[in-house]
Undergrad: 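Here it is, the structure, as structure tokens.
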Amino acid sequence: MSVEPRSNFLRTQIQADLESARVSALVTRFPPEPNGYLHLGHAKSISVNFGLAEQFGGHCHLRFDDTNPEKESQEFIDSIQEDVRWLGYQWQGEVRYASAYFNQLYEWAMYLIDQRLAYVCDLSAEEARDYRGTLTEPGRNSPFRERSVDESRDLFARMRQGEFAEGARVLRAKIDMGAANMNLRDPILYRIRHASHHQTGTEWPIYPTYDFAHGQEDAIEGITHSICTLEFEDHRPLYEWFVEHLPVPHTPRQIEFARLNTSYTITSKRKLKQLVDEEVVIGWDDPRLPTIAGLRRRGYPAAAIRHFCEEVGTSRSDSTADVAMLESAVRDHLNQSAPRRMCVMKPLRVTLTNLPDTLLLDVRNHPADLDFGSRQLSMGAELFIDQDDFREEANKHFKRLVLGKRVRLRGGLVIEADRCDKDAEGEVTQVFARCVTSVPGADPEDGLKPKGVIHWVSADEAVPATIRRYDRLFGVPEPAREQDLMAAVNPHSLIVIDTAMIEPGLVNATPEAGVSV
RNA sequence: UGGGGCGUCGCCAAGUGGCAAGGCAGCGGGUUUUGAUCCCGCCAUUCGGAGGUUCGAAUCCUCCCGCCCCAGCCA
């Protein structure tokens, strides 16, 4: 169930870079900030980065972009690693951390100050915003822009020593306050944060911004293609500015692709958190969530998620993939990998009036693949079928059990319903049926083959169980566009059926997969 | 109305001047001990629109239209 790598602009570009010997071997990276759980959108990025490395015989690093301690934690570092491994990928070497490069980044910041390309600015956040200008008007130079190299060096060193309060000063690059690209209007390189960092503790009172860190991290690690999402496109000139003006050991290249959106779900961290906080779902690994942990609990195979990411393609146009594509990939994989079992949701007792002895059946675990083997199931005179699988009378379209008609019990005999009992409300409480075959799997001798096959469980062996049926969390295709997210929640996304009866072998099942009626 | 991007079938998406792949969804039909699977067939004279260049354009040029991103000391 693998998918042939399809042509896309990334593969075309990398192929060209390899052929022109611009790079000798591909090195990519998946660089999450450890500030939340991974979701389907991350799976796409993981698939792109690790997949490309795999295809071109290169390497992919896992790097935590941990430049903002206030939002991050070890819990996320652990869960992210678990999710990447579960998806089936292995990063090259040890896990990397942006924080491991803090010393180098600090030295490079000093280097820029020496080059008169960076300065310490004392403007408050509000003032800086005012000086920055707007989308249509240029900004104004900070009054601290021409501060001497010595003074900036001294101030920056003291920022690093923890001498100043948060927000008191920042280090900025000296580029162009009139640039049409806002990112070039003297961007902030370092800010003061008196926070404890999960990796470096209280060693650093200042932290580099994403812009000042990312390209340099890529350069340090020898990343050849730094693949990110479209919203960073405007940052590329800045990314290149740092790589160009700093004595970095390598020249990485940033390429952007469109992030993955999937219909009927959301991947916004803020909105996912809202669902968890307001208990619309039960935790970050709720099977209705598009988090990797949720998808895993839902029984989605990692291979199916990879398949979906490949099949949906990689381009630069904003799009929303139909969740049906994901579901199709999941069905494809499950169809091949899931052993089959039986259960009934709403049990209806069936008594076989002419069954001489309890039969011991050998039932196959997969309809097409013999390698799945079989299991033993006993079929006595008392069994349960699903209430929905029986009607006193029905038209041609109903292929299940009807009074006076036949049906095959999956893996067992063909039976014919003779009569049924009903309660005061007229609800059928029990069906009396007759076996019209005596050999499992055989067709009736009179040639009247049943039209349908239904699930059943033996009354002796069946085990009561609670079944949770999950459906799409939202009732609209693009919940992210809804003004009122909560109003778009599908009220029937979780249906708990506590009357179910399952075959005995299912008791200790993990999120493997059975098949229901 | 500043800058940067994107517009190919209902949803994704290949295609990079030579005559519109594929997947998902949908619709017919067949097989079937899961109304599943599987199999067969159908599904863009047309590529946001209008001009132009060319023997020839989704691909090149011009203008227009629509959508997305950017004014965090977030990433």
Side-chain angles (χ1 to χ4, degrees), chain A residues 3-4 6-9 12 31-33 35 65-68 70-72 121 123-126 128-130 132-139 166-172 178-185 187-193 206-207 209-211 213-214 228-237 256 258 260-263 269 307-308 310-329 331-332 334-336 340 342 363-364 366-368 397-400 407-412 414 440-443 449-455 477 515-517:
Chain A
V3 196
E4 282 300 300
R6 268 187 257 307
S7 170
N8 66 48
F9 77 104
T12 302
E33 180 185 21
N35 67 350
D65 213 357
D66 54 349
T67 56
N68 189 3
E70 290 167 334
K71 296 184 169 184
E72 305 161 4
C121 178
L123 249 27
S124 68
E126 304 77 64
R129 188 187 313 130
D130 184 47
R132 189 153 37 231
T134 68
L135 293 178
T136 52
E137 303 158 30
E166 290 191 8
R169 301 177 214 273
V170 293
L171 181 71
R172 303 175 70 173
N181 181 340
M182 302 292 285
N183 295 119
L184 265 18
R185 322 248 262 226
I188 288 165
L189 275 36
Y190 269 93
R191 71 288 214 192
I192 298 170
R193 284 281 184 285
I206 55 173
Y207 291 91
T209 54
Y210 165 86
D211 285 313
H214 209 93
C228 61
T229 40
L230 247 26
E231 68 270 25
F232 290 103
E233 201 163 11
D234 289 343
H235 294 246
R236 194 186 337 134
E256 314 83 18
L260 170 66
N261 295 301
T262 307
S263 64
K269 195 165 300 172
H307 186 152
F308 166 65
E310 174 57 35
E311 204 160 54
V312 90
T314 306
S315 76
R316 286 174 66 86
S317 45
D318 292 309
S319 60
T320 299
D322 193 334
V323 73
M325 286 180 78
L326 205 214
E327 294 165 347
S328 164
R331 286 196 303 272
D332 263 12
L334 252 20
N335 180 44
Q336 292 198 1
R340 310 302 152 90
M342 293 191 288
V363 182
R364 287 173 58 173
H366 190 104
H397 300 297
F398 187 72
K399 295 167 62 178
R400 294 167 257 179
V407 81
R408 186 186 301 276
L409 296 175
R410 186 158 179 70
V414 174
D443 286 331
K449 292 176 66 172
K451 282 185 298 184
V453 182
I454 63 174
H455 275 217
V515 160
S516 59
V517 182

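Quick note on labels: first sequence line is chain A, next is B, and so on, each numbered from 1.
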Undergrad: Nearest nucleotide by nearest heavy atom, which residue falls closer to the 5' end of RNA chain B, S319(A) or G452(A)?
TA: S319(A)

Undergrad: Please state the C1' separation for the pair C11(B) and G18(B) - nearest whole angstrom.
TA: 30 Å

Undergrad: Taking only N and O in the side chain of R193(A), is any of them less than 4.0 Å away from OP1 or OP2 of C74(B)?
TA: yes

Undergrad: Measuring from the side chain of S317(A) (C-beta onward, heavy atoms only), which nucleotide among G23(B), G7(B), C74(B) has the closest atom?
TA: G7(B)

Undergrad: Taking C12(B) as the reference, what is the distance to G17(B) when you measure between their C1' atoms (whole Å, please)?
TA: 26 Å

Undergrad: Distance check needed: G4(B) P versus E256(A) CD, whole Å only.
TA: 14 Å

Undergrad: Quick check against the 3.5 Å criterion: does R193(A) have a side-chain atom that pairs as donor or acceptor with the backbone of E166(A)?
TA: no

Undergrad: Under 4.0 angstrom, heavy atoms only, what part of the nucleic acid is P440(A) near: base, sugar-phosphate, or nothing?
TA: base

Undergrad: Syn or anti for G72(B), with syn set at within 90° of 0?
TA: syn

Undergrad: In whole angstrom, give me the gap between the C1' atoms of A57(B) and G22(B).
TA: 23 Å

Undergrad: Counting heavy atoms from C-beta on, name the nucleotide in C24(B), U37(B), A36(B) closest to the side chain of N335(A).
TA: U37(B)

Undergrad: When we call it a touch if two heavy atoms are under 4.0 Å apart, what does V312(A) touch: a base, just sugar-phosphate, or nothing?
TA: sugar-phosphate

Undergrad: Can you check whether L230(A)'s main-chain N or O pairs, donor with acceptor, with R316(A)'s side chain at less than 3.5 Å?
TA: no

Undergrad: Okay, side chain of E72(A), backbone of N68(A): is any donor-acceptor separation there less than 3.5 Å?
TA: yes

Undergrad: Looking at I454(A) and R400(A), what are the two nearest heavy atoms and their distance?
TA: CG2-CG, 3.6 Å

Undergrad: Could you tell me whether a side-chain N or O of N181(A) sits under 3.5 Å from a main-chain N or O of D234(A), the two making a donor and an acceptor?
TA: yes

Undergrad: Looking at U1(B), I'd like to know if its phosphate oxygens (OP1 or OP2) sit under 4.0 Å from a side-chain N or O belonging to T136(A).
TA: no

Undergrad: So if I take every side-chain heavy atom of T12(A) and compare against G15(B), C24(B), G4(B), which nucleotide ends up nearest?
TA: G15(B)

Undergrad: Just the rounded figure in Å: distance from P of C24(B) to CD of E310(A).
TA: 14 Å

Undergrad: For every nucleotide of nucleotides 64-71 of chain B, 5' to 3': is a protein heavy atom under 4.0 Å from its base (B), only from its sugar-phosphate (S), or from neither (-)?
TA: ----SBBB

Undergrad: If we ignore hydrogens and angles and just use 3.5 Å, is the side chain of S263(A) paired with the main-chain N or O of V323(A) as donor and acceptor?
TA: yes

Undergrad: Write down the distance between CZ (R410(A)) and P (G35(B)), rounded to a whole number of angstrom.
TA: 8 Å

Undergrad: Using the side-chain heavy atoms of K399(A), tell me which of these nucleotides is nearest: G35(B), C24(B), A21(B).
TA: G35(B)

Undergrad: Does R408(A) use its side chain to pair, donor to acceptor, with the backbone of A442(A) at less than 3.5 Å?
TA: yes

Undergrad: Is a side-chain N or O of E310(A) found less than 3.5 angstrom from the main chain of R6(A), in a donor-acceptor match?
TA: yes

Undergrad: Rounded to the nearest angstrom, tell me the gap between atom CE in M325(A) and atom C1' in A25(B).
TA: 10 Å

Undergrad: Expressed in angstrom and rounded to an integer, what is the separation of L189(A) atom CG from A75(B) atom P?
TA: 12 Å

Undergrad: Restricting to non-hydrogen atoms, name the atom on G178(A) and the atom on P138(A) that form the minimum distance, rounded to 0.1 Å.
TA: CA-CB, 3.9 Å

Undergrad: Just by distance, with hydrogens left out, do S315(A) and S317(A) show a side-chain donor and acceptor under 3.5 Å apart?
TA: yes

Undergrad: Rounded to whole angstroms, how far apart are CZ on R236(A) and P on G3(B)?
TA: 17 Å

Undergrad: Output yes when at least one side-chain N/O atom of T209(A) is less than 4.0 Å from OP1 or OP2 of C74(B), else no.
TA: no

Undergrad: If you look at every strand shown and take non-hydrogen atoms under 4.0 Å, does L171(A) touch a base, only sugar-phosphate, or nothing?
TA: nothing

Undergrad: So, OP1 or OP2 of A75(B): does either fall under 4.0 Å of a side-chain N or O from T67(A)?
TA: yes

Undergrad: How far does the C1' atom of A50(B) sit from the matching atom of G66(B), given to the nearest Å?
TA: 15 Å

Undergrad: Please determine if a side-chain N or O atom of R191(A) lies less than 4.0 Å away from the OP1 or OP2 oxygen of A75(B).
TA: yes

Undergrad: For nucleotides C43(B) and C27(B), find the distance between their C1' atoms and express it as a whole number of Å.
TA: 8 Å

Undergrad: Ignoring hydrogens, what is the shortest heavy-atom contact between R191(A) and T67(A)? Give both atom names and the distance.
TA: NH1-O, 3.5 Å

Undergrad: For a quick check of understanding: with a heavy-atom distance under 4.0 Å over all strands, which category does N8(A) fall into, base, sugar-phosphate or nothing?
TA: sugar-phosphate

Undergrad: Side chain of H397(A), heavy atoms from C-beta onward: which of G5(B), G35(B), C24(B) has the nearest atom to it?
TA: G35(B)

Undergrad: Provide the distance between the two P atoms, one in G10(B) and one in C19(B), to the nearest whole Å.
TA: 24 Å

Undergrad: Can you run through RNA chain B from 5' to 3' and write each base as (, ), [, ], | or . depending on how it pairs? Watson-Crick or G-U wobble, both distances under 3.5 Å.
TA: .(((((((.[[[..)..(...]]].(((((.......))))).....[[[[[..)....]]]]])))))).....

Undergrad: Within the structure, does a side-chain N or O atom of R408(A) lie under 4.0 Å from either OP1 or OP2 of G35(B)?
TA: no

Undergrad: On a heavy-atom basis, which atom in R172(A) and which in L123(A) lie closest, and how many Å separate them?
TA: NH1-CD2, 4.1 Å

Undergrad: Relative to the 5' end of RNA chain B, which residue comes earlier, A321(A) or H366(A), by the nucleotide with the nearest heavy atom?
TA: A321(A)

Undergrad: C24(B) and C63(B): how far apart are their P atoms, nearest whole angstrom?
TA: 42 Å

Undergrad: To the nearest Å, give me how far apart OH (Y190(A)) and C1' (C73(B)) are.
TA: 14 Å

Undergrad: Heavy atoms only, 4.0 Å cut-off, all strands: where does G139(A) land among base, sugar-phosphate and nothing?
TA: nothing

Undergrad: Find the distance D66(A):CG to C74(B):P and express it as a whole number of Å.
TA: 15 Å

Undergrad: Determine the contact category for A168(A): base if any of its heavy atoms lies under 4.0 Å from a base atom, sugar-phosphate if only primed atoms, P, OP1 or OP2 are that close, otherwise nothing.
TA: nothing

Undergrad: If you compare all heavy atoms of P237(A) against all heavy atoms of E233(A), which two are closest, and at what distance to 0.1 Å?
TA: CD-O, 3.7 Å

Undergrad: If you measure from the P atom in C9(B) to the same atom in A44(B), how many Å do you get, rounded?
TA: 12 Å

